[in-house]
Amino acid sequence: MKRFGYASDPLCIFACALYALNRWWLAPHFGGIFFRGQLNDLLLIPAALPLVLWLQRRLGLRGHDLPPRWSEITLHLAAWSLAAEGIAPLIFAHATGDWRDIVAYATGGAVAGCWWHGLAWS
């Protein structure tokens, strides 16, 4: 199986670029709930997971360079959902927990997982 590219993975590059475009141009100029809320949440797994897995690989916590396994996607999805939607609202006054954000994280994770295991590596 082909070695996973981490930050050079095409989906990661696309997700990071779209995140930046949305953050600094789309959301401020077009507004709307999707651009201000859910688009960046959809991009969480495809943009951030490859970078986290690269760090884990460098620290010796990940023993291979394969594409993210479904178990890794699910674990990080659960951890980030709990941190951002469960714990952060208890600590920070400006943070709010929203189940729709978790749905967006999961949707982005499912699409990314299908890409990493279907389209990109077949």
Side-chain angles (χ1 to χ4, degrees):
M1 184 172 270
K2 188 175 177 183
R3 182 181 182 276
F4 184 60
Y6 298 103
S8 66
D9 174 65
L11 182 59
C12 179
I13 292 168
F14 173 77
C16 289
L18 186 56
Y19 175 89
L21 178 68
N22 185 56
R23 173 101 168 123
W24 289 295
W25 194 72
L26 292 174
H29 290 91
F30 295 102
I33 293 172
F34 180 71
F35 289 120
R36 291 188 187 267
Q38 274 65 49
L39 179 56
N40 284 346
D41 294 335
L42 279 169
L43 300 172
L44 175 67
I45 299 288
L49 184 59
L51 306 176
V52 170
L53 294 178
W54 174 83
L55 182 60
Q56 290 175 351
R57 181 71 166 133
R58 295 296 155 256
L59 294 172
L61 301 173
R62 186 172 200 247
H64 60 83
D65 288 318
L66 298 174
R69 295 178 176 161
W70 285 106
S71 59
E72 292 172 314
I73 295 169
T74 303
L75 174 65
H76 286 87
L77 168 65
W80 287 333
S81 296
L82 179 63
E85 308 305 326
I87 297 171
L90 299 174
I91 299 171
F92 303 106
H94 68 278
T96 57
D98 185 353
W99 64 269
R100 290 171 291 219
D101 293 344
I102 297 171
V103 171
Y105 303 151
T107 302
V111 169
C114 289
W115 172 267
W116 289 324
H117 290 281
L119 299 175
W121 307 107
S122 58

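Quantities reported herein were computed from a predicted structural model and do not represent experimental measurements. Throughout, residue positions are numbered sequentially from 1 according to the sequence presented.
- Across all non-hydrogen atoms, the minimal contact from N22 to P28 is O-CD, 3.7 Å.
- The distance from atom CD of Q56 to atom OH of Y6, rounded to the nearest 0.5 Å, is 9.0 Å.
- Counting non-hydrogen atoms of other residues, nucleotides and ligands closer than 6.0 Å to CG of L90 gives a total above 12.
- No single ILVMFWY cluster, assembled from side-chain heavy atoms under 4.5 Å apart, contains both F14 and V111.
- Rounding to the nearest 0.5 Å places CG of L11 at 11.0 Å from SG of C114.
- Of all heavy-atom pairs spanning I45 and A112, the tightest one is CG2-CB, 4.4 Å.
- Between the CZ atom of R100 and the OH atom of Y105 there is a distance of 12.5 Å, given to the nearest 0.5 Å.
- Hydrophobic clustering (side-chain heavy atoms under 4.5 Å, transitive across Ile, Leu, Val, Met, Phe, Trp, Tyr) groups L55 together with I73.
- Following chains of ILVMFWY side-chain contacts shorter than 4.5 Å, one cannot reach L49 starting from L51, and the two form parts of different hydrophobic clusters.
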Mind running side-chain contact (heavy atoms from CB on, under 4.5 Å) on F4 and L66 for me, showing each step along the way? CA-CA 5 Å; F4 184 60; L66 298 174; 5.8 Å; no
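- The heavy-atom pair separating V52 from W80 by the smallest distance is CG2-CZ2, 3.7 Å.
- Atom CZ of R69 has 12 or fewer heavy atoms from other residues, nucleotides or ligands within 6.0 Å.
- The other members of the hydrophobic cluster of L82, by chain and number, are I87, I91, F92 (side-chain heavy atoms under 4.5 Å, ILVMFWY only).
- The line from CZ of F34 to CG of L39 is 4.5 Å long, rounded to the nearest 0.5 Å.
- Both L61 and L77 are members of a single hydrophobic cluster when ILVMFWY side chains are connected at heavy-atom separations under 4.5 Å.
- Looking only at distances, no side-chain donor or acceptor of H117 sits under 3.5 Å from a matching main-chain atom of G113.
- Note: C12 SG to L43 CG = 10.5 Å, rounded to the nearest 0.5 Å.
- Across E85 and I102, no two heavy atoms sit closer than the pair CG-CG1, 3.7 Å.
- Both L53 and W115 belong to a single network of hydrophobic side chains, linked directly or stepwise wherever heavy atoms of I, L, V, M, F, W or Y lie under 4.5 Å apart.
- One distance of note links CG of D101 with OG1 of T96; it measures 7.0 Å at 0.5 Å rounding.
- Residues P89 and A84 approach most closely at CD-O, 3.6 Å, considering heavy atoms.
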